[in-house]
Amino acid sequence: MSPRAQSLLSRIETWSGSGPVRAIAVKVLVTVGGPLVVLAGVAMLVLPGPGLVVIALGLALLAVEYQWARGLLALLGRALARAKQTALPRDGSPVRRLAGIAGTAGFLVVTTLATGAITTFLGSQAFL
């Protein structure tokens, strides 16, 4: 995890550990709210909305209390950094960088169109 994220987590832990009521309240809110945010993100993978971003936010919320969520969040961060380096290499030629930008833009366009098509299809269905 980045030093900035680690600093934020340590401040939250210090704040929540300053009293027994705070500690229990934070644990309950994180334990209930974190999975709900992750589930909302999973639903947004097929419904309109920023699903991956919401899943990451839910994991960040869970990381406040749980070490396994911190590890998963760190793994996600490394995977995203690797994907960024693959799509937009720092030492790549201008043509390679342009290809990475075009590929990323194409991916965003295709996923946006797919989301729109799914939304239109679901909207045209008659639900009882």
What's the spacing between Leu39 CG and Ile55 CD1 if we round to 0.5 Å? 9.0 Å

Determine whether Trp68 and Val30 fall in the same hydrophobic cluster, where Ile, Leu, Val, Met, Phe, Trp and Tyr are linked whenever their side-chain heavy atoms lie under 4.5 Å apart. yes

Using every non-hydrogen atom in the two residues, find where Gly51 and Met44 come nearest and quote the distance to one decimal. CA-CB, 3.5 Å

Can you measure from CG (Leu113) to OG1 (Thr120) and round to the nearest 0.5 angstrom? 10.5 Å

Partner of Val54 under side-chain contact (heavy atoms from CB on, under 4.5 Å), chosen from Val37, Val42, Leu45, Val38: Val37

Enumerate, atom names and distances included, each donor-acceptor pair closer than 3.5 Å involving a side-chain atom of residues 88-102, sequence neighbours excluded.
from	atom 1	to	atom 2	distance (Å)
Ser93	OG	Arg96	N	3.2
Arg96	NH2	Thr86	O	2.4
Arg97	NH1	Pro89	O	2.7

Side-chain donor-acceptor distances from residues 57-67 under 3.5 Å, at least two apart:
from	atom 1	to	atom 2	distance (Å)
Glu65	OE1	Lys27	NZ	3.2
Tyr66	OH	Thr31	OG1	2.6

All side chain to side chain contact (heavy atoms under 4.5 Å, CB included) counterparts of Leu80, not counting sequence neighbours: Leu76

